[in-house]
There are 2 protein chains.
Amino acid sequence: MNKIPVIHELYPDIPETSLHLFFDKLQEKTLQKGDLLISEGQICQHITYIQSGIVRSAYKRDDKDITISFSGEGEFITAMSSFISQTPTYENIEALSETHVLQISYSELMALLDQDKNMEHIYRLILERYYISLEELLIFSKFKSAKERYLELLTKKPLIIQYAAVGHIASYLDMSIETLSRIRSSM
Amino acid sequence: MNKIPVIHELYPDIPETSLHLFFDKLQEKTLQKGDLLISEGQICQHITYIQSGIVRSAYKRDDKDITISFSGEGEFITAMSSFISQTPTYENIEALSETHVLQISYSELMALLDQDKNMEHIYRLILERYYISLEELLIFSKFKSAKERYLELLTKKPLIIQYAAVGHIASYLDMSIETLSRIRSSM
DNA sequence: ATTAGCCTTTGACAAAAATCAAAAAAATCA
DNA sequence: TGATTTTTTTGATTTTTGTCAAAGGCTAAT
């Protein structure tokens, strides 16, 4: 009964009892296309693990809506800086398809951290993974040209092209809708 | 004898004995201008806290050298994804001025984590802070225009303008040296 | 002090991408 | 199904930025 395989893969030495403690707190939830996991102004209360489906995370400021990431099966998604500091977020996270998730709440996680020393490993794992994916995102956006970034998205996360609107992908790639449209037609 | 004030500020409840254990492992080090804290190909072995001075972190790929961040007094700097996964990095971190740092090594940190449960709090604090500053960096680069980004750098980190070469600042702001030069002269 | 080398600025031009506007295609709904 | 609305594509134009080349300025070493 391991609901989140990656935890076992990376920390095979966490005792079963601790894993159970953690997994027991997870709440299942199903999101319909368009449902929001969190929206701007809220304080993020959950870390979410995606069992299936695709979600889009976007930042809103000065009436621009910019896609920061697309996440799918096997990934964690959260308004992490809001979760960490328990302050309001600018992020909107929405489901792009029917999405099944597992969630643990901030308060329950904090209680677990006090209760069981092994819990820190699990939370650390999540933080570390989250950090690395963000760093990859940043590097990706700095080194690749518009067309390369589109091609990489196409090969690494083909499902996104299917589910996301062109406008979402364009803002993710830092280009206008028209430019993306031209890149697509030139291939 | 608190060498890293921010730890006390954010986790005032960590027992003195644990703090001592941590602080005792810190190694002081002085870098001269141009010295490298870590360079590409290496596995990052330390988390570094900057007591004074300024450092630049840059990624190298396909003979491009792109500045990812500038860090100064009171900040942590590390090739974090390399540190986490203990794999080689693409990062170069160099001192832009004489810089005084405190370092803890990966192996000692891991030993401490096993030894004292409170240590996890300290490491978590570092990870969380590091995450948040990276997220800010990403958002900053997505929402602001070239000129706004330069102005923000000018007001928030004026020392950098003093110590960093124009080429470093330009790559940080994702623009050519010439464009940055024109922005500067138009103000 | 003078020269050599490097970094920065400036100018002219080319390339890339944004914007504006309209047409075409696709999705939604009565 | 057909009509309406929304999204995507295409075209023309403008703006922004990059590239190349040359000039100017600063630094350091002889």
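Every heavy atom of this structure was used, including side-chain atoms; hydrogens, water molecules and symmetry mates were not. Within every chain, numbering begins at 1; the chains are lettered A, B, ... in the order of the sequence lines, protein sequences first and strands thereafter.
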B:T179 versus B:S176, closest heavy-atom pair with distance: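 Minimum heavy-atom contact is OG1-OG, 3.0 Å.
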Over 12 foreign heavy atoms within 6.0 Å of NZ, A:K25: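 12 or below, so no.
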Whole-Å distance between [N] [atom2] and [X] [atom1]?
{"X": "A:I177", "N": "D:dT10", "atom1": "CD1", "atom2": "C1'", "result": "14 Å"}
{"X": "B:K147", "N": "D:dT17", "atom1": "NZ", "atom2": "P", "result": "9 Å"}
{"X": "B:L180", "N": "D:dT19", "atom1": "CG", "atom2": "C1'", "result": "16 Å"}
{"X": "A:I161", "N": "D:dT8", "atom1": "CD1", "atom2": "P", "result": "12 Å"}
{"X": "B:D65", "N": "C:dC7", "atom1": "CG", "atom2": "P", "result": "13 Å"}
{"X": "A:Y150", "N": "C:dA16", "atom1": "OH", "atom2": "C1'", "result": "19 Å"}
{"X": "A:M175", "N": "D:dT17", "atom1": "CE", "atom2": "C1'", "result": "16 Å"}
{"X": "B:D174", "N": "D:dT17", "atom1": "CG", "atom2": "P", "result": "11 Å"}

Side chains of A:I126 and A:E128 in contact at under 4.5 Å (non-hydrogen atoms):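 A:I126 does not reach A:E128 side chain to side chain.
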Flag side-chain contact, heavy atom, 4.5 Å: B:I43 against B:Y106: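 No; the side chains remain at least 4.5 Å from each other.
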C:dC29: pairing nucleotide in any strand, Watson-Crick or G-U under 3.5 angstrom: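 When the pairing criteria are applied, D:dG2 turns out to be the nucleotide that pairs with C:dC29.
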Residue matched to D:dT30 through Watson-Crick or wobble contacts both under 3.5 angstrom: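 Per the H-bond distance test, C:dA1.
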B:H168 side chain to B:T67 side chain, donor-acceptor N/O pair below 3.5 angstrom: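 Per modelled atom types, B:H168 and B:T67 side chains form no pair under 3.5 Å.
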Exam field: side chain A:T99 to backbone A:A95, donor-acceptor pair closer than 3.5 Å: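 No, A:T99 side chain to A:A95 backbone: no donor-acceptor pair under 3.5 Å.
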Of the listed nucleotides D:dT9, C:dT10, C:dT8, the one nearest the side chain of A:V166: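 Looking only at side-chain atoms, A:V166 lies closest to D:dT9.
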Shortest side-chain distance from B:R182, nucleotide among C:dA12, D:dT10, C:dT9: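 Nearest to the side chain of B:R182 among the choices is C:dA12.
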Annotated protein contacts, base or backbone, on nucleotides 21-30 of chain C with a non-hydrogen cut-off under 4.0 Å, one of B, S, - each: ----------
Any B:T179 side-chain N or O less than 4.0 Å from OP1/OP2 of D:dT16: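 For B:T179, the contact criterion (side-chain N or O under 4.0 Å from OP1 or OP2 of D:dT16) is not met.
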Check: B:Y49 ring centroid to B:F76 ring centroid under 6.0 Å: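 Judged by ring-centre distance (under 6.0 Å), B:Y49 and B:F76 do meet the cut-off.
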